[in-house]
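Here's the structure, in C-alpha coordinates; my notes come after.
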Amino acid sequence: VLATPFTALVGCQYPIVQTGMGWVSGARLTSATSAAGGLGILAAATMTFEQLSAAITEVKGRTERPFGVNMRGDQPDVERYAELVIRERVKLASFASPPTKELIRKLKDGGVLTMPTVGAPRHAQKMAEWGVDAVIAQGHEGGGHTGPIATSLLLPAVVKAVSIPVIGAGGFHDGRGLVAALAYGAAGIAMGTRFLLTQESRVPDEIKAV
(Lines give C-alpha, C1' and ligand atoms only; values in the text may rest on other atoms or scores of the structure.)
Protein backbone atom coordinates (compact mmCIF):
# COMPACT_ATOMS: atom_id res chain seq x y z
CA VAL A 1 0.00 0.00 0.00
CA LEU A 2 1.31 3.45 -0.97
CA ALA A 3 -0.82 6.21 0.52
CA THR A 4 -1.16 9.60 -1.20
CA PRO A 5 -3.92 12.23 -1.29
CA PHE A 6 -5.28 10.45 -4.39
CA THR A 7 -5.53 7.02 -2.76
CA ALA A 8 -7.26 8.65 0.20
CA LEU A 9 -9.69 10.42 -2.14
CA VAL A 10 -10.58 7.41 -4.29
CA GLY A 11 -10.05 4.53 -1.88
CA CYS A 12 -7.56 2.54 -3.94
CA GLN A 13 -4.39 0.96 -2.54
CA TYR A 14 -1.85 2.28 -5.02
CA PRO A 15 -1.64 5.68 -6.78
CA ILE A 16 -1.75 4.11 -10.24
CA VAL A 17 -4.50 4.90 -12.73
CA GLN A 18 -5.23 2.79 -15.81
CA THR A 19 -6.54 5.31 -18.30
CA GLY A 20 -9.77 4.95 -20.26
CA MET A 21 -8.21 4.10 -23.62
CA GLY A 22 -10.78 3.98 -26.39
CA TRP A 23 -11.63 0.46 -27.58
CA VAL A 24 -9.01 -0.97 -25.18
CA SER A 25 -10.20 -0.33 -21.61
CA GLY A 26 -13.07 -2.74 -21.25
CA ALA A 27 -14.54 -4.48 -18.23
CA ARG A 28 -11.82 -7.12 -17.88
CA LEU A 29 -8.92 -4.64 -17.86
CA THR A 30 -10.73 -2.15 -15.65
CA SER A 31 -11.75 -4.73 -13.06
CA ALA A 32 -8.32 -6.40 -13.05
CA THR A 33 -6.58 -3.07 -12.41
CA SER A 34 -8.94 -2.15 -9.59
CA ALA A 35 -8.76 -5.63 -8.07
CA ALA A 36 -4.95 -5.34 -8.04
CA GLY A 37 -5.18 -2.11 -6.04
CA GLY A 38 -5.02 0.58 -8.70
CA LEU A 39 -7.87 2.52 -10.28
CA GLY A 40 -9.23 1.01 -13.48
CA ILE A 41 -11.23 3.22 -15.83
CA LEU A 42 -13.73 2.14 -18.48
CA ALA A 43 -13.51 3.78 -21.91
CA ALA A 44 -17.10 4.97 -22.20
CA ALA A 45 -16.39 7.47 -24.98
CA THR A 46 -16.10 4.60 -27.47
CA MET A 47 -19.01 2.57 -26.08
CA THR A 48 -22.69 2.79 -26.80
CA PHE A 49 -24.91 3.50 -23.81
CA GLU A 50 -25.94 -0.16 -23.69
CA GLN A 51 -22.32 -1.34 -23.88
CA LEU A 52 -21.33 0.94 -21.03
CA SER A 53 -24.22 -0.24 -18.88
CA ALA A 54 -23.21 -3.87 -19.47
CA ALA A 55 -19.53 -3.10 -18.81
CA ILE A 56 -20.29 -1.41 -15.48
CA THR A 57 -22.34 -4.44 -14.43
CA GLU A 58 -19.49 -6.77 -15.43
CA VAL A 59 -16.87 -4.77 -13.52
CA LYS A 60 -19.06 -4.82 -10.41
CA GLY A 61 -19.37 -8.58 -10.80
CA ARG A 62 -15.59 -8.99 -10.91
CA THR A 63 -14.51 -6.65 -8.09
CA GLU A 64 -15.94 -4.62 -5.23
CA ARG A 65 -13.10 -2.11 -5.39
CA PRO A 66 -13.57 1.41 -6.82
CA PHE A 67 -13.31 2.09 -10.54
CA GLY A 68 -13.99 4.93 -12.92
CA VAL A 69 -15.64 5.75 -16.23
CA ASN A 70 -14.02 7.97 -18.85
CA MET A 71 -16.15 10.30 -20.97
CA ARG A 72 -15.66 13.22 -23.30
CA GLY A 73 -17.13 16.50 -22.17
CA ASP A 74 -18.12 17.29 -25.76
CA GLN A 75 -19.89 14.04 -26.65
CA PRO A 76 -23.55 14.80 -27.44
CA ASP A 77 -25.01 12.24 -25.02
CA VAL A 78 -22.66 12.92 -22.11
CA GLU A 79 -25.55 13.92 -19.82
CA ARG A 80 -27.20 10.54 -20.29
CA TYR A 81 -23.91 8.74 -19.65
CA ALA A 82 -23.36 10.84 -16.52
CA GLU A 83 -26.79 9.90 -15.21
CA LEU A 84 -25.90 6.22 -15.64
CA VAL A 85 -22.62 6.73 -13.80
CA ILE A 86 -24.46 8.41 -10.94
CA ARG A 87 -27.19 5.78 -10.84
CA GLU A 88 -24.65 2.95 -10.76
CA ARG A 89 -22.65 4.69 -8.01
CA VAL A 90 -19.39 4.64 -9.98
CA LYS A 91 -16.62 6.17 -7.88
CA LEU A 92 -15.07 8.56 -10.41
CA ALA A 93 -15.68 10.13 -13.81
CA SER A 94 -12.59 11.11 -15.80
CA PHE A 95 -12.67 13.26 -18.90
CA ALA A 96 -10.55 13.28 -22.06
CA SER A 97 -11.95 16.70 -22.97
CA PRO A 98 -13.10 19.18 -20.34
CA PRO A 99 -16.55 18.82 -18.77
CA THR A 100 -18.81 21.83 -18.33
CA LYS A 101 -19.26 23.48 -14.98
CA GLU A 102 -22.85 22.23 -14.92
CA LEU A 103 -21.80 18.63 -15.58
CA ILE A 104 -19.20 18.77 -12.81
CA ARG A 105 -21.88 20.00 -10.41
CA LYS A 106 -24.30 17.30 -11.52
CA LEU A 107 -21.77 14.55 -10.90
CA LYS A 108 -20.67 16.07 -7.61
CA ASP A 109 -24.27 16.30 -6.39
CA GLY A 110 -24.68 12.67 -7.39
CA GLY A 111 -21.70 11.57 -5.31
CA VAL A 112 -19.27 10.99 -8.21
CA LEU A 113 -15.72 12.33 -8.13
CA THR A 114 -14.51 14.16 -11.25
CA MET A 115 -11.01 14.15 -12.77
CA PRO A 116 -10.42 15.89 -16.12
CA THR A 117 -7.21 15.73 -18.15
CA VAL A 118 -5.35 19.03 -18.61
CA GLY A 119 -2.38 20.18 -20.66
CA ALA A 120 -1.61 23.53 -19.04
CA PRO A 121 -1.56 24.99 -15.50
CA ARG A 122 -4.27 27.53 -16.36
CA HIS A 123 -6.57 24.74 -17.49
CA ALA A 124 -6.01 22.97 -14.18
CA GLN A 125 -6.80 26.17 -12.30
CA LYS A 126 -10.04 26.61 -14.22
CA MET A 127 -11.13 23.05 -13.54
CA ALA A 128 -10.25 23.42 -9.85
CA GLU A 129 -12.31 26.61 -9.66
CA TRP A 130 -15.23 24.70 -11.16
CA GLY A 131 -15.02 22.12 -8.39
CA VAL A 132 -13.28 19.03 -9.78
CA ASP A 133 -11.72 16.68 -7.25
CA ALA A 134 -8.44 15.93 -9.05
CA VAL A 135 -6.75 16.47 -12.42
CA ILE A 136 -4.56 14.43 -14.72
CA ALA A 137 -1.66 16.55 -15.98
CA GLN A 138 -0.79 14.86 -19.27
CA GLY A 139 2.36 15.86 -21.08
CA HIS A 140 3.10 15.52 -24.78
CA GLU A 141 4.41 11.99 -24.22
CA GLY A 142 0.83 10.91 -23.53
CA GLY A 143 -0.05 10.58 -27.21
CA GLY A 144 0.20 14.31 -27.85
CA HIS A 145 -3.47 14.75 -27.00
CA THR A 146 -3.13 17.68 -24.63
CA GLY A 147 -0.41 19.82 -26.17
CA PRO A 148 3.34 20.15 -26.71
CA ILE A 149 4.54 20.57 -23.10
CA ALA A 150 6.72 17.72 -21.81
CA THR A 151 5.47 15.88 -18.74
CA SER A 152 8.60 16.80 -16.75
CA LEU A 153 7.76 20.50 -17.25
CA LEU A 154 3.97 20.30 -17.07
CA LEU A 155 3.58 18.17 -13.96
CA PRO A 156 5.42 20.35 -11.40
CA ALA A 157 3.79 23.47 -12.88
CA VAL A 158 0.30 22.02 -12.43
CA VAL A 159 1.12 20.81 -8.93
CA LYS A 160 2.18 24.35 -8.06
CA ALA A 161 -0.96 25.86 -9.63
CA VAL A 162 -3.63 23.89 -7.76
CA SER A 163 -4.24 22.43 -4.31
CA ILE A 164 -6.21 19.34 -5.41
CA PRO A 165 -4.51 15.98 -6.13
CA VAL A 166 -2.61 15.92 -9.44
CA ILE A 167 -1.96 12.71 -11.36
CA GLY A 168 0.93 12.71 -13.83
CA ALA A 169 0.52 11.13 -17.27
CA GLY A 170 2.69 10.79 -20.34
CA GLY A 171 5.75 8.54 -20.48
CA PHE A 172 5.26 6.68 -17.20
CA HIS A 173 5.67 2.91 -17.32
CA ASP A 174 7.37 1.63 -14.15
CA GLY A 175 8.13 2.22 -10.48
CA ARG A 176 10.91 4.66 -11.23
CA GLY A 177 8.45 6.89 -13.04
CA LEU A 178 6.07 6.74 -10.09
CA VAL A 179 8.85 7.79 -7.72
CA ALA A 180 9.77 10.65 -10.06
CA ALA A 181 6.16 11.83 -10.26
CA LEU A 182 5.83 11.78 -6.48
CA ALA A 183 9.05 13.77 -6.24
CA TYR A 184 7.49 16.38 -8.54
CA GLY A 185 4.64 16.65 -6.05
CA ALA A 186 2.09 14.49 -7.90
CA ALA A 187 -0.29 12.21 -6.03
CA GLY A 188 0.15 9.35 -8.50
CA ILE A 189 0.53 8.42 -12.16
CA ALA A 190 -1.79 7.42 -14.99
CA MET A 191 -0.68 4.96 -17.64
CA GLY A 192 -2.21 3.86 -20.91
CA THR A 193 0.29 2.20 -23.23
CA ARG A 194 1.75 0.14 -20.37
CA PHE A 195 -1.56 -1.69 -20.08
CA LEU A 196 -1.97 -2.43 -23.79
CA LEU A 197 -0.11 -5.75 -23.70
CA THR A 198 -1.81 -7.18 -20.62
CA GLN A 199 -3.88 -10.31 -21.06
CA GLU A 200 -6.99 -8.38 -20.01
CA SER A 201 -6.52 -5.72 -22.67
CA ARG A 202 -8.90 -5.77 -25.63
CA VAL A 203 -5.98 -5.39 -28.06
CA PRO A 204 -5.98 -8.50 -30.35
CA ASP A 205 -3.43 -11.18 -29.38
CA GLU A 206 -1.81 -11.08 -32.84
CA ILE A 207 -0.91 -7.42 -32.25
CA LYS A 208 0.35 -8.11 -28.73
CA ALA A 209 2.71 -10.72 -30.16
CA VAL A 210 4.42 -8.29 -32.55
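The shown structure was predicted, so the numbers you read here are calculated from the model rather than taken from an experiment.
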Would a hydrophobic clustering, with Ile, Leu, Val, Met, Phe, Trp and Tyr connected at side-chain separations under 4.5 Å, put Leu196 with Ile16? yes
Under a 4.5 Å side-chain heavy-atom rule over Ile, Leu, Val, Met, Phe, Trp and Tyr, are Ile149 and Val118 clustered together? yes
Just by distance, do the side chain of Thr117 and the backbone of Gln138 share a donor-acceptor pair under 3.5 Å? no
Are Phe6 and Leu39 side-chain neighbours, meaning at least one heavy-atom pair lies under 4.5 Å? yes
Ala35 and Arg65: which non-hydrogen atoms are nearest, and at how many Å? O-NH1, 2.7 Å
Surrounding CZ of Arg194 (heavy atoms of other residues, nucleotides or ligands, distance under 6.0 Å), is the total greater than 12? no
Rounded to the nearest 0.5 Å, the OG1 atom of Thr4 sits from the CD1 atom of Ile189 at a distance of 11.0 Å
Set of ring pair (Phe, Tyr, Trp, His ring centres under 6.0 Å) partners for Tyr184, sequence neighbours left out: none
For residues Pro99 and Pro116, determine if any side-chain heavy atom of one lies less than 4.5 Å from a side-chain heavy atom of the other. yes
Following the transitive rule for hydrophobic clusters with a side-chain heavy-atom cut-off under 4.5 Å over Ile, Leu, Val, Met, Phe, Trp and Tyr, establish whether Val78 and Ile86 coincide in one cluster. yes
Determine whether Val59 and Tyr81 fall in the same hydrophobic cluster, where Ile, Leu, Val, Met, Phe, Trp and Tyr are linked whenever their side-chain heavy atoms lie under 4.5 Å apart. yes
Can you see which heavy atom on Pro66 is nearest to which on Ser34, and at what distance? O-OG, 2.8 Å
Test side chain to side chain donor-acceptor pair (under 3.5 Å) applied to Gln125 - qualifying residues, sequence neighbours left out: none
Taking it one step at a time, do Leu155 and Phe172 satisfy side chain to side chain contact (heavy atoms under 4.5 Å, CB included)? CA-CA 12 Å; Leu155 185 52; Phe172 296 111; 4.2 Å; yes
Decide yes or no for Leu2 and Pro15: does some side-chain heavy atom of the first lie under 4.5 Å from some side-chain heavy atom of the second? yes
Any Thr33 side-chain heavy atom under 4.5 Å of Leu29 side chain: yes
Note: Val159 and Ala186 closest approach over all heavy atoms is CG2-N, 3.9 Å
Is there a donor-acceptor pair closer than 3.5 Å between any side-chain N or O of Gln51 and the backbone N or O of Thr48? yes
Supply the atom-to-atom distance Ile136 CD1 to Ile167 CD1, rounded to the nearest 0.5 angstrom. 7.0 Å
Would you check if Leu42 and Met47 make a side-chain contact, meaning some heavy-atom pair closer than 4.5 Å? yes
So that I can tick it off, tell me whether Lys106 and Glu83 are bridged by a salt bridge, with the cut-off set at under 4.0 angstrom between side-chain N and carboxylate O. yes
Answer with yes or no whether the hydrophobic clustering places Val90 together with Leu84; edges join I, L, V, M, F, W, Y residues whose side-chain heavy atoms lie under 4.5 Å apart. yes
CE (Met71) and CG (Asp77) are apart, to the nearest 0.5 Å, by 10.5 Å
Heavy atoms only: give me the nearest Ser94-Asn70 pair and the separation to one decimal. OG-ND2, 2.9 Å
When rounded to the nearest 0.5 angstrom, what distance separates CZ in Arg28 from OG1 in Thr198? 8.5 Å
Side-chain touch Val132/Met115, heavy atoms, less than 4.5 angstrom: no
Shortest non-hydrogen separation from Ala137 to Val166 and the atoms involved: CB-CG1, 3.9 Å
Looking only at side-chain N and O atoms, does Glu58 offer a donor or acceptor that is under 3.5 Å from a partner on Ser31? no
Do you know which two heavy atoms are closest between Ala43 and Met21, and how far apart they sit? CB-O, 3.1 Å
Could you go through Leu92 and Val10, starting from their C-alpha distance and side-chain angles, then the distance that decides it, and tell me whether this counts as side chain to side chain contact (heavy atoms under 4.5 Å, CB included)? CA-CA 8 Å; Leu92 177 145; Val10 175; 4.1 Å; yes
Any ion pair linking Asp133 and Lys108 (charged N to carboxylate O, less than 4.0 Å)? yes
Hey, does Tyr14 have a side-chain heavy atom less than 4.5 Å from the side chain of Thr7? no
Under 6.0 Å from the CD atom of Glu50, do we count more than 12 heavy atoms belonging to anything else shown? yes
Whether the side chain of Thr30 engages the backbone of Gly26 through a donor-acceptor N/O pair (distance < 3.5 Å, no angle test) should be reported. yes
So that I can tick it off, tell me whether Lys60 and Glu88 are bridged by a salt bridge, with the cut-off set at under 4.0 angstrom between side-chain N and carboxylate O. yes
Side chain to side chain contact (heavy atoms under 4.5 Å, CB included) between Leu154 and Thr151, intermediate numbers included: CA-CA 5 Å; Leu154 176 66; Thr151 303; 5.7 Å; no
Could you check whether any side-chain heavy atom of His123 comes within less than 4.5 Å of a side-chain heavy atom of Pro98, counting everything from C-beta outward? no
For a side chain to side chain contact (heavy atoms under 4.5 Å, CB included) check, start with the C-alpha distance between Ile56 and Phe67, then their side-chain angles and the critical distance, and finish with the verdict. CA-CA 9 Å; Ile56 290 174; Phe67 66 97; 4.0 Å; yes
